[in-house]
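Whatever order the structure lists ligands and atoms in, that order sets their numbers, starting from 1.
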Amino acid sequence: MKLTISILKADVGSIGGHTRPSQRMMDAVKADCAAAVRQGLLIDYYVGHTGDDICITCTHTHGPGNTQVHQFAWDAFIHATGIAREYGLYGAGQDLLVDAPSGNLRGAGPAVAEIEFDHDPVKTNRVRPAESFMVLAADKCGPGAYNLPLFLGFADPMYCGGLMLPRLSEGFTFNIIDMDNTEGDSIISLNAPEDYYKITVLLRDNERFGIDSIVSRHTGQTAAAVSATRLHNIAGTYTGKDDPVAIVRNQGVFPAPEELISPFAKAHYIGGDARGSHVMPLMPVPINTAVTGMYCLPLVSCVGFSLNAQGKFSDSSSDFFDNPAWDYVRNLAQEKGIQMRSQGWSGAAMLPYGELEYSGFRTSITNLVEKFTFRNGVNGHGPKAKAPARSSGRGRK
Ligand code: 13P
Ligand code: MG
Ligand code: MG
């Protein structure tokens with residue numbers, strides 16, 4: 001059968017600040033998912049939270065971008081928003097940016113990642129005799145938080161030794177989206193390994209370019225899908241961090257889990273953290289972890305699932321970062337975070353002007369820029385003085 005895995009994620013309210021959703025909200029979303037299974041819309045589901053973001057992972061046969069599936073998720077997030085409002089939680093309904101989605105959650109605020117594929121897990125199936133996948137969910141993160149780890153996992157044999165094997169050595173196609181282009185999904189397709197350097201030229205800019213999907217060149221199958229969109233480009237103003245989610249299929253014709261998650265041992269620095277305006281390390285954590293740590297350290301969770309022939313998976317799961325091996329990385333992230341925080345607001349510790357998510361920071365800067373004067377007393381910038389435009393790249397010299 002043609003099966004679709006959909007991840008639908010939103011921040012619709014959290015307790016005691018931007019920490020985590022309440023248990024009542026989680027229970028409500030789970031109950032809505034169970035009802036959707038009973039009605040035959042979904043085959044199966046799993047609901048977890050990473051920081052303040054509720055993430056629904058589900059399977060169905062309706063294809064990506066399906067109106068009914070997206071409307072169901074929207075309604076579940078509305079339901080949880082109502083509970084958040086009732087109990088006075090912070091940021092109730094934060095990521096629901098429109099009154100009603102026009103059939104698709106993309107562009108309406110919630111994050112979406114979906115993959116459709118032929119699902120026939122039998123021993124004789126040479127491409128996918130078994131289907132296993134991981135769900136990544138990150139909080140307090142800019143949209144390109146997965147650029148480096150997914151690139152290393154799918155294109156660098158220093159991390160993915162499997163790339164030296166016959167089927168994987170044909171490489172992967174990286175579909176990269178320009179998140180500054182608000183006219184539509186603007187995509188370039190580059191092939192690893194031959195376009196290796198070109199891919200890095202783009203992926204180095206986590207705020208503008210993001211991995212949209214990764215496709216196996218051996219099979220043509222989609223290996224990974226990421227919810228790469230810039231929330232403030234949708235909303236026009238800061239509403240919260242993008243907090244991306246991703247589906248990553250593993251084993252067989254794709255990298256193995258350890259090859260995919262070992263790059264996260266870097267706890268690499270990304271844009272996000274407090275007020276979406278700082279540079280801090282990404283800490284791997286178990287699913288259902290609240291953001292209560294240092295400053296508001298960016299977090300990422302990774303849960304693994306297997307699918308039976310009917311597309312069911314939620315009977316059990318593996319929480320990849322809930323393992324003592326990752327305690328070392330958590331300490332590393334904490335150490336890196338303390339080092340970065342020790343320089344407070346200076347230079348690399350905060351995002352550059354064009355990426356400061358809180359428009360209030362830019363207002364503060366602009367108010368001062370307008371007051372600059374030449375030494376001889378003439379206004380240095382004239383009456384229409386303005387700080388640089390917000391755009392992160394286009395038009396910039
Ligand atoms: P969230 O998008 O997770 O709500 O974070 C926003 C923020 O400003 C963190 O300081
Ligand atoms: Mg929030
Ligand atoms: Mg969040």
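Judged by distance alone, the side chains of Glu335 and Asn331 never bring a donor and an acceptor atom under 3.5 Å apart. Side-chain contact check for Thr59 and Asp44: no donor-acceptor pair (N or O, by modelled atom type) lies under 3.5 Å. Counted by atom type alone, Asp212 and Asn175 present zero donor-acceptor pairs between their side chains at under 3.5 Å. Counted by atom type alone, Arg249 and Gln221 present one or more donor-acceptor pairs between their side chains at under 3.5 Å.
Ligand 1 lies within reach of Ala274, whose nearest heavy atom is under 4.0 Å from it. Heavy-atom separations between Asp95 and ligand 1 are all 4.0 Å or longer.
Counting heavy atoms from C-beta on, the side chains of Phe154 and Tyr159 never come closer than 4.5 Å.
Heavy-atom contacts of Asp243 reach the following atoms of ligand 1: 1 (P), 2 (O), 3 (O) (cutoff under 4.0 Å). Taking every heavy atom of Asp273 and a limit of under 4.0 angstrom, the matching atoms of ligand 1 come to 9 (C), 10 (O). The distance from ligand 1 to the heavy atoms of Asp139 drops below 4.0 Å at these ligand atoms: 3 (O).
Closest heavy-atom approach to atom 3 (O) of ligand 1 within the set Arg275, Lys140, His278, Gln94: this belongs to Lys140.
Closest to the Mg ion (ligand 2) among the N, O or S atoms of Asp11 is OD2.
In this structure, the ring of Phe174 has its center less than 6.0 angstrom from the ring center of Phe151.
The Mg ion (ligand 3) forms the vertex of an angle spanning OD2 of Asp53 and OD2 of Asp243; to the nearest 10 degrees it equals 70°. One finds an angle of 90° at the Mg ion (ligand 3) between OD1 on Asp139 and OD1 on Asp52, to the nearest 10 degrees.
Put simply, the side chain of His62 gets close to the backbone of Leu41: a donor and an acceptor are under 3.5 Å apart.
At a 4.0 Å heavy-atom cut-off, ligand 1 does not touch Asp53 at all.
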